[in-house]
Amino acid sequence: GYYYKMNQKNLHEVLTYFNRALAIQEDPWYYREKVETLVALSMKAEALQTIDTAIRFLKKSKSPKWKDVENNFEEMKKKL
């Protein structure tokens, strides 16, 4: 998905790849890339929902540097 996104390929296809990746394993990077893709597709409501889902995941998993990543998502949310 990242390759397609960086090379301006079909963003709807990119979104499908990130959704598949998240279905296999939740990861902050996948969430961030999905949010950026949704924003590029002008899908603000879905982007906000994905940010909220990512923050819930971070709070639950407490992965390394989770608070920093959560703050980054909160900043993204403010910009939408």
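Position 1 is the first residue of the sequence; numbering continues from there. All heavy atoms count here, side chains included; hydrogens, waters and symmetry mates do not.
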Go through the structure and list residues passing salt bridge (Lys or Arg N to Asp or Glu O under 4.0 Å) with Lys59, not counting sequence neighbours.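 Result, salt bridge (Lys or Arg N to Asp or Glu O under 4.0 Å) vs Lys59: Glu70.
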| task | Return the set of residues passing salt bridge (Lys or Arg N to Asp or Glu O under 4.0 Å) with Lys62 (not counting sequence neighbours), or none when no residue passes. | result |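 Once residues adjacent in sequence are excluded, Lys62 has no partner under the salt bridge (Lys or Arg N to Asp or Glu O under 4.0 Å) criterion.
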Find the distance between [atom1] ([X]) and [atom2] ([Y]) and round it off to the nearest 0.5 Å.
| X | Y | atom1 | atom2 | answer |
| --- | --- | --- | --- | --- |
| Arg32 | Met76 | CZ | CE | 7.0 Å |
| Lys78 | Ile51 | NZ | CD1 | 11.5 Å |
| Leu11 | Thr16 | CG | OG1 | 11.0 Å |

How would you list, by chain and number, every residue that makes a side chain to side chain contact (heavy atoms under 4.5 Å, CB included) with [X], sequence neighbours excluded?
| X | result |
| --- | --- |
| Ser61 | Phe57, Ser63 |
| Ala47 | Val35, Leu38, Val39, Leu80 |
| Asn72 | none |

**Asked** Of all heavy-atom pairs between Thr37 and Val14, which one has the smallest distance, and what is that distance?
**Response**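 Taking Thr37 first and Val14 second, the nearest heavy atoms are OG1-CG1, 3.6 Å.
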Quick check: closest heavy atoms across Glu33 and Phe18, and the distance to 0.1 Å?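 Taking Glu33 first and Phe18 second, the nearest heavy atoms are CB-CZ, 3.3 Å.
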Check your understanding: What side chain to side chain donor-acceptor pair (under 3.5 Å) pairs are there with at least one residue in residues 47-58, not counting sequence neighbours?
Key ->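 Every pair satisfying side chain to side chain donor-acceptor pair (under 3.5 Å) with a residue in residues 47-58: Asp52-Lys77, Thr53-Arg56.
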* Decide whether Tyr17 and Glu13 meet the rule of one side-chain donor and one side-chain acceptor closer than 3.5 Å. =>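 On atom types as modelled, these side chains qualify, holding a pair under 3.5 Å.
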Item checked: Ring geometry between Phe73 and Tyr31 (parallel below 30°, tilted from 30 to 60°, perpendicular above 60°) ->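 Perpendicular, since the angle between the ring planes exceeds 60°.
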